[in-house]
Amino acid sequence: MTFEGVGAPNPDFGPADSASAKNQIASGDGRVKTWIAPAKYRVTLSRGPEYALSSFEVDVRPGSHVDACDIAERCLLKRVVDTTGWLACDFHQHTSIGMDAPVGARDRITSNAAEGVEIALASEHNMLVDHSAVVRELGLADRVVEIVGQELTSDASKVPWGHANVFPLVPRADAARGGAIVVRDRAAKDILAEVRTQHADAVILINHPRSGNNGYFDLLDFDRTTGTSTNASYDPRFDAIELWNGRNIAQRTAVTEDVLALLRTSHPVTITGNSDTHVTVGQEAGYPRTYVKVKNDRDLATWSASRTAEITHALRETREVMVTNGPFIDVKAGGATIGGIARATSGKLVVNVTVRSAPWIDVKRITLLRASGEKLEKLVTQQPSTSGALVATAQFDLAVKTDDAFIVTAAGDKTLEPVLAGDAADIRPYALAGAIWIDADADGKSLAR
């Protein structure tokens with residue numbers, strides 16, 4: 001619930017370290033009571049990018065009680081973007097338990113539910129934390145699944161190499177920091193080798209690799225020409241990369257180039273986008289988020305270890321993912337979908353892209369980026385659909401001579417206000433589909449995929 005003053009200041013519910021912060025309130029069950037200064041307010045209800053918004057005005061008089069949902073229909077949110085078969089995941093979040101974020105576990109989990117995040121990773125720095133009991137206590141087990149992971153954090157090492165998430169992991173009550181993997185003064189290559197030996201099914205996700213003094217690619221001199229590094233600490237055997245971290249748009253652009261370099265030099269990699277949220281407003285959970293393709297995206301209350309394994313398998317092997325702060329992209333090429341291998345025919349490949357979004361999320365451009373360097377862009381117009389979503393489409397006709405790979409992006413110009421607030425450049429709609437590999441010679445392979 002976002003409150004905006006009409007001819008009056010916005011209310012301030014407090015600092016951005018709880019479910020009620022600044023001019024927003026997050027609720028796990030949709031019920032809220034609050035005191036507010038007398039004035040007229042515009043109230044916007046939201047539940048993540050799959051849902052249409054509901055906006056209305058309320059006039060609060062001194063000493064009076066106002067039932068904001070006296071008209072029931074205006075407080076019902078319609079799910080307009082069908083994401084059946086996909087789970088909305090945020091693989092990088094923090095709470096006060098990790099001591100570098102002010103948000104408690106209850107408020108973190110509530111904010112996930114309110115933003116439509118279905119799978120959340122507890123990724124505290126060098127510490128294992130299990131929030132599942134708090135999820136059950138809040139009655140949100142049918143809405144949010146919390147997975148245990150660790151953000152390997154080398155900042156305190158004599159020679160730091162950056163950050164990386166490893167998940168899933170099993171915490172131990174009898175061990176320091178929950179049995180977290182030891183990081184200090186160890187080379188990345190040694191730590192990741194240990195992960196592959198002792199946690200063979202875990203995902204290794206390189207976090208914010210272009211974040212300067214704690215970025216893996218910056219610290220270890222990643223070379224886009226070769227797609228690797230000669231630094232002795234560098235290990236190329238990671239599964240996924242955090243292409244988009246929170247609102248770091250400049251880093252997003254840089255890491256996109258890194259991803260294309262990895263694809264071009266035969267290093268298959270899965271892209272992710274995560275909030276790296278330390279607060280609730282300004283680093284909203286699930287903005288951006290990673291959609292992961294699974295067999296069953298329902299029945300979260302009966303979650304099991306086998307379903308967690310399905311997510312890790314998708315990130316490590318099938319690579320059918322989509323990263324977004326709003327638009328939802330579907331890509332098909334030569335019978336292949338995201339993460340697959342498309343076979344070119346007679347040196348040609350047709351790529352069809354469909355982008356669906358809720359009515360408050362605009363899309364103006366669909367762009368195809370080839371690992372070999374070609375960039376193709378189409379201006380698009382959104383059309384309303386029967387579900388209430390807006391739909392934009394584009395077709396790209398590619399000339400293919402050698403094996404290649406590509407990713408597709410969708411972007412809009414209108415900001416995501418009032419759901420998100422901040423610098424306009426940081427809160428415009430944007431999405432990236434995971435790579436599709438191109439098989440030019442019909443051998444069933446492409447760039448090590």
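If you read the sequence from its start, that first residue is 1, and numbering goes on from there.
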- request: Just jot down the salt bridge (Lys or Arg N to Asp or Glu O under 4.0 Å) partners of D258, sequence neighbours excluded, or say none.
  value: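 With sequence neighbours excluded, D258 shows a salt bridge (Lys or Arg N to Asp or Glu O under 4.0 Å) to R210, R224, given in chain and number order.
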
So does [X] have more than 12 non-hydrogen atoms from other groups sitting under 6.0 Å from [atom1]?
X	atom1	result
R184	CZ	no
D201	CG	no
K445	NZ	no
R186	CZ	yes

[X] side chain near [Y] side chain, heavy-atom distance below 4.5 Å:
X	Y	result
I97	M127	yes
R370	V400	yes
P49	V81	no

message: With a 6.0 Å cut-off on the ring centroids, do F406 and W437 count as close?
response: no

- request: Check whether the ring centres of Y234 and W161 lie less than 6.0 Å apart, and answer yes or no.
  value: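 Judged by ring-centre distance (under 6.0 Å), Y234 and W161 do not meet the cut-off.
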
field: F222 and its ring-ring contact (aromatic ring centres under 6.0 Å, His included) partner, picked from Y216, F238, F217
entry: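 The option that passes is F217.
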
task: Please determine if D403 and R449 form a salt bridge, counting it only when a charged side-chain N lies under 4.0 Å from a carboxylate O.
output: no

message: Between K364 and D413 (salt bridge meaning N to carboxylate O under 4.0 Å), is one present in this structure?
response: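 Between D413 and K364 there is no salt bridge, as every charged N stays at least 4.0 Å from the carboxylate O atoms.
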
Verdict with reasoning, T415 to E417, per side-chain hydrogen bond (donor to acceptor under 3.5 Å, both in side chains): CA-CA 5 Å; T415 69; E417 296 173 302; 2.9 Å; yes

query: Looking at I241, L432, T270, which one forms a side chain to side chain contact (heavy atoms under 4.5 Å, CB included) with V259?
result: I241

message: Parallel, tilted or perpendicular: which one describes the rings of H278 and H125, with boundaries at 30° and 60°?
response: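 H278 vs H125 ring planes: tilted.
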
field: Ring-face cation of K22 near F13 (centre distance under 6.0 Å, axis angle within 45°)
entry: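 No.
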
